[in-house]
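Note: hydrogens, waters and symmetry copies are ignored here, and every other heavy atom, side chains too, is used.
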Amino acid sequence: MGVPSSIVKIKKDGVEYVSSCDRVQYTIHELCRAALRDIGKLISRRTKQKIKKRTGRGAKNIQYWVRSKQKTPDLQVGLKPFGFYLGFQELGSNKQPKIGALSETTKENIDEIQRITGEYLSAVEDENMAQSLIDEGEYEGE
């Protein structure tokens with residue numbers, strides 16, 4: 001889906017009003033998706049590094065998903081179906097001590113997450129910059 005080109009023009013008393021709200025809403029939505037994609041990549045990559053250092057297994061089962069079917073896009077970072085045993089390492093069990101690699105990685109990188117979000121959302125002011133940051137592909141990665 002490309003950028004909406006619908007511009008509403010209203011003439012009233014000799015004055016022409018131009019509204020491009022659809023275009024701005026689309027740009028903000030896509031910038032949010034792009035920011036979430038980069039945050040997902042960051043958290044996934046750093047969690048995989050932490051898991052490799054701690055256990056050496058299962059790092060390939062960390063994945064992120066950016067969902068945008070609803071009004072506001074959201075991000076999920078978690079385990080693939082075959083990585084269910086990493087849930088025991090994340091939360092702990094009676095046989096496995098809690099490692100908490102995913103939650104700790106997220107807590108440690110809050111400043112970086114805020115920086116990425118600010119970088120993307122500040123691009124709203126410059127339409128050309130915003131269009132260069134937007135990639136309309138599926139946002140799911142390993």
Side-chain angles (χ1 to χ4, degrees), residues 1-12 15-142:
M1 181 175 129
V3 178
S5 60
S6 62
I7 296 176
V8 179
K9 294 182 179 182
I10 301 169
K11 287 187 177 184
K12 185 176 180 180
V15 178
E16 183 177 38
Y17 299 96
V18 179
S19 171
S20 58
C21 290
D22 292 340
R23 187 179 197 127
V24 172
Q25 287 175 342
Y26 168 82
T27 303
I28 290 172
H29 186 268
E30 291 301 315
L31 284 171
C32 288
R33 282 183 58 206
L36 290 173
R37 179 196 63 218
D38 282 358
I39 292 167
K41 285 181 184 178
L42 172 81
I43 298 299
S44 295
R45 188 177 340 111
R46 295 197 177 160
T47 301
K48 287 176 184 181
Q49 290 170 351
K50 192 172 276 193
I51 287 174
K52 283 183 181 177
K53 288 179 185 175
R54 299 283 289 192
T55 64
R57 300 177 306 171
K60 64 184 178 199
N61 291 307
I62 301 292
Q63 186 174 7
Y64 70 91
W65 300 266
V66 177
R67 301 182 311 171
S68 61
K69 301 290 183 196
Q70 59 278 12
K71 189 173 183 176
T72 306
D74 68 346
L75 171 69
Q76 289 184 338
V77 180
L79 309 172
K80 292 181 184 178
F82 292 113
F84 68 92
Y85 57 88
L86 287 174
F88 297 121
Q89 292 179 0
E90 181 70 26
L91 303 173
S93 69
N94 60 352
K95 296 180 181 179
Q96 174 70 40
K98 178 181 176 180
I99 293 176
L102 186 58
S103 57
E104 289 300 318
T105 302
T106 305
K107 289 177 188 175
E108 292 168 1
N109 291 294
I110 288 178
D111 291 336
E112 187 71 17
I113 291 169
Q114 290 174 342
R115 186 196 61 76
I116 291 170
T117 306
E119 178 183 322
Y120 275 91
L121 295 181
S122 67
V124 170
E125 299 172 0
D126 183 7
E127 186 175 352
N128 292 331
M129 186 173 144
Q131 291 304 319
S132 70
L133 292 173
I134 294 172
D135 176 21
E136 294 181 355
E138 283 297 316
Y139 290 359
E140 182 177 311
E142 297 182 17

State, yes or no, whether a side-chain contact exists between [X] and [Y] at a heavy-atom distance under 4.5 Å.
X	Y	answer
K60	F82	no
C32	L121	yes
V77	T47	no

Of the options I62, D38, N109, L75, which is the one that meets I43 in a side-chain contact (heavy atoms from CB on, under 4.5 Å)?
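Only one of I62, D38, N109, L75 forms a side-chain contact (heavy atoms from CB on, under 4.5 Å) with I43, namely N109.
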
Member of Q76, R37, R45 meeting the side-chain contact (heavy atoms from CB on, under 4.5 Å) criterion with Y64:
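Passing option: R37.
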
Please name the pair of heavy atoms, one in [X] and one in [Y], separated by the smallest distance, quoted to 0.1 Å.
X	Y	value
R33	P73	CG-CB, 3.7 Å
K98	E90	CG-O, 3.3 Å
T117	A35	CA-CB, 4.4 Å
Y120	A34	CE2-CB, 3.5 Å
A59	K48	O-CG, 3.2 Å
S103	G100	OG-O, 3.3 Å

If you measure from [atom1] on [X] to [atom2] on [Y], what distance do you get to the nearest 0.5 Å?
X	Y	atom1	atom2	answer
E112	T106	CD	OG1	13.0 Å
F88	I99	CZ	CD1	13.0 Å
I28	T72	CD1	OG1	11.0 Å
K107	I113	NZ	CD1	12.5 Å
L36	I39	CG	CD1	5.5 Å

By side-chain hydrogen bond (donor to acceptor under 3.5 Å, both in side chains) - contacts of Q114 (at least two apart):
none

Between the side chain of Q89 and the main-chain N/O of Q96, is any donor-acceptor distance below 3.5 Å?
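No, because the side chain of Q89 does not come within donor-acceptor range (under 3.5 Å) of the backbone of Q96.
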
